[in-house]
Amino acid sequence: MEKVTVKQLFRDADPYAGQEVHLNGWVRNNRDQKAFGFIALNDGTHFNQVQVVYEREFLPGYDNIARIGVGSAISVTGILELTPGARQPFEIKAKKVTLEGPSAEDYPIQPKRHSREFLREVAHLRPRTNLFTAVFRVRSLLAYAVHQFFQEKGFICLHAPIITANDAEGAGELFRVTTLDPQHPPLKDDGTVDYSSDFFGKKTNLTVSGQLEAEAFALAFKDVYTFGPTFRAENSNTPRHAAEFWMIEPEIAFAELVDNMNLAEEMVKYMIEYLMQNAPTEMEFFNQFVDKGLQERLQQIAAAEFARISYTDAIEALKKANQKFEYPVEWGKDLQTEHERYLTEKVFKKPVFVTDYPQEIKAFYMRLNDDMKTVAAMDLLVPGVGEIIGGSQREERIEILQERMADFKIKADELKWYLDLRSYGGVKHAGYGLGFERAIMYFTGVSNIRDVIPFPRTVNSCDF
RNA sequence: UCCUCAGUAGCUCAAUGGCAGAGCGACCGGCUGUUAACCGGUAGGUUGUAGGUUCGAGUCCUACCUGGGGAGCCA
């Protein structure tokens, strides 16, 4: 008797034909008739269920097996029979079924459709459903694909700090990290909170980006990336924002904006191809039940060149557009969601890099172009999801960086170490941030970020 | 934070201001191959919360809570 997984059997059942096998798993469905019954068994190793057939004639505890509820954990010993022509390629004729862990009658996951909203309320049980078993297997595979992509290229992975004293990253509201008593914080003479007696002796926050630290490593290892959690305390209530999410941030030295875009494009295509090859069952499921045109679209994207357009040209294209926008199109103003959607969904109908934005609307570290008006920034917009990548060539010229920091009212002494990188062997370098969850949304068609994070944290919601 | 829609059985939903219902699920029974099986039966409700209008409120009004969608912020 061999202990096998459902994955092994679906990969190749032939060697097991007629053999006795042993399986563990959870009951997805159980229906009995007078003389026999069927259990759909999922053991977590594969998207599909294996069908277990049990017959009254051969199993003394038939009535007890027939009463095993959905969600119960069982172990099964039986003979594998190939069933060509049936809806499933094989099934297990049970010789013994043992109830390992019963499931109560009020088990919330039923063999029927549930709304995503309801399943979010039972996030501890939803990975047992078809949709979420597919989503989270894909999430795991994609994480692996990201590491593989960069490691194959010789990139060094660095774990950027989660707690940071950088107050100047400028990417949104911060979560404060403190051990001070919020009821009675120590006060200075002027009545303000005395952070010098806090754990780190200063104000600290959860990171909003590992970029600055990645730059330091890029100027030692040349090509590096971070892949870790990121925290934003924004009061954002949208299907695309979470307070805790994961970002992939490569940083490459001796490189310009075009190298940056080439890397981003290659990475996105690699991720798609990896999924097509390693999660065909899940991708087929998404294509059929989540987003009808998904697979065809992804195949086209993997094959086609991404569009590239400068911000200035994009503004011209939008002005000429035969469409009314709620927000006016004007050089110097940031692109609104409706503008981004128009560009990627109507003009190009594929991913598009928008580059060289006005310096006023972008971050201080982005490299000033020769026109002295725009910076070497790039956003990757994709149909349906919007911005999934934001990046830039970094300002390597210390004088200009100092000027820009002054413009943004960032104190130089807080980022002295960052300026040091320009003083000691500073060189052209670039990088970007990919929102991991947004990529998953884009590749699966799942339209709410709360459904691609195992236990999502959003404004007013931190359950589980 | 702003705009908008919604909240009725475990789930998905119906009910003209006039007796609160169906399908699925659960439970009980039937059925010789099911595939979200099928057929019959049983149980299951403070209609999100608090006020108000009315002879009478699931339905109308006010506030709040929760959730969805859109906007802003952004990845």
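Here is how names work: the chains are called A, B, and so on, in the same order as the sequence lines, proteins then strands, and each is numbered from 1.
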- prompt: If you find the nucleotide of RNA chain B closest to A:Tyr327 and the one closest to A:Phe38, which residue's nucleotide is nearer the 5' end?
  reply: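 The answer here is A:Phe38.
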- request: Could you pick out which residue, A:Glu91 or A:Phe118, lies toward the 5' side of RNA chain B when each is mapped onto its nearest nucleotide?
  value: A:Phe118
Distance, rounded to the nearest Å, where [X] contributes [atom1] and [N] contributes [atom2]:
{"X": "A:Asp106", "N": "B:C11", "atom1": "CG", "atom2": "P", "value": "12 Å"}
{"X": "A:Leu131", "N": "B:A36", "atom1": "CG", "atom2": "C1'", "value": "15 Å"}
{"X": "A:Glu437", "N": "B:C74", "atom1": "CD", "atom2": "P", "value": "18 Å"}
{"X": "A:Arg31", "N": "B:G30", "atom1": "CZ", "atom2": "P", "value": "19 Å"}
{"X": "A:Met441", "N": "B:C74", "atom1": "CE", "atom2": "C1'", "value": "13 Å"}
{"X": "A:Asp334", "N": "B:A75", "atom1": "CG", "atom2": "P", "value": "10 Å"}
{"X": "A:Phe245", "N": "B:C74", "atom1": "CZ", "atom2": "C1'", "value": "8 Å"}
{"X": "A:Glu105", "N": "B:G44", "atom1": "CD", "atom2": "P", "value": "14 Å"}

- request: With the side chain of A:Asn237 defined as its heavy atoms from C-beta on, choose the nearest nucleotide among B:U1, B:G68, B:C74.
  value: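 Nucleotide nearest to A:Asn237's side chain: B:U1.
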Within the structure shown, what part of the strands sits under 4.0 Å from [X] by heavy-atom distance: base, sugar-phosphate, or nothing?
{"X": "A:Ile449", "result": "base"}
{"X": "A:Gln33", "result": "base"}
{"X": "A:Ala439", "result": "nothing"}
{"X": "A:His241", "result": "base"}
{"X": "A:Pro111", "result": "base"}
{"X": "A:Thr238", "result": "base"}
{"X": "A:Gln51", "result": "base"}
{"X": "A:Arg120", "result": "sugar-phosphate"}

field: Any donor-acceptor N/O pair, A:Ser392 side chain to A:Ala377 backbone, under 3.5 Å
entry: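 No, A:Ser392 side chain to A:Ala377 backbone: no donor-acceptor pair under 3.5 Å.
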How far does the [atom1] atom of [N] sit from the matching atom of [M], given to the nearest Å?
{"N": "B:U54", "M": "B:G17", "atom1": "C1'", "result": "9 Å"}
{"N": "B:U4", "M": "B:C74", "atom1": "C1'", "result": "22 Å"}
{"N": "B:G10", "M": "B:A26", "atom1": "C1'", "result": "8 Å"}
{"N": "B:G25", "M": "B:C19", "atom1": "P", "result": "30 Å"}

query: Under the 3.5 Å rule, do the base of B:C28 and the side chain of A:Arg67 count as making a donor-acceptor pair?
result: no
message: For the CZ atom of A:Phe443 and the CZ atom of A:Phe286, what is their distance to the nearest 0.5 Å?
response: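 With rounding to 0.5 Å, CZ (A:Phe443) is 12.0 Å from CZ (A:Phe286).
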field: Heavy atoms from other residues, nucleotides or ligands near CD of A:Glu57 exceed 12 (cutoff 6.0 Å)
entry: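 No.
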Base-pairing mate for [N] - Watson-Crick or G-U, with both contacts under 3.5 Å:
{"N": "B:C2", "result": "B:G70"}
{"N": "B:A43", "result": "none"}
{"N": "B:A22", "result": "B:U12"}

message: In this structure, is the centre-to-centre distance between the rings of A:Phe227 and A:His159 below 6.0 Å?
response: no
message: Could you check, using the six-membered ring where one of them is a Trp, whether A:Phe285 and A:Phe47 have ring centers closer than 6.0 angstrom?
response: yes
field: A:Tyr270 and A:Gln148: side chain donor to acceptor below 3.5 Å
entry: yes
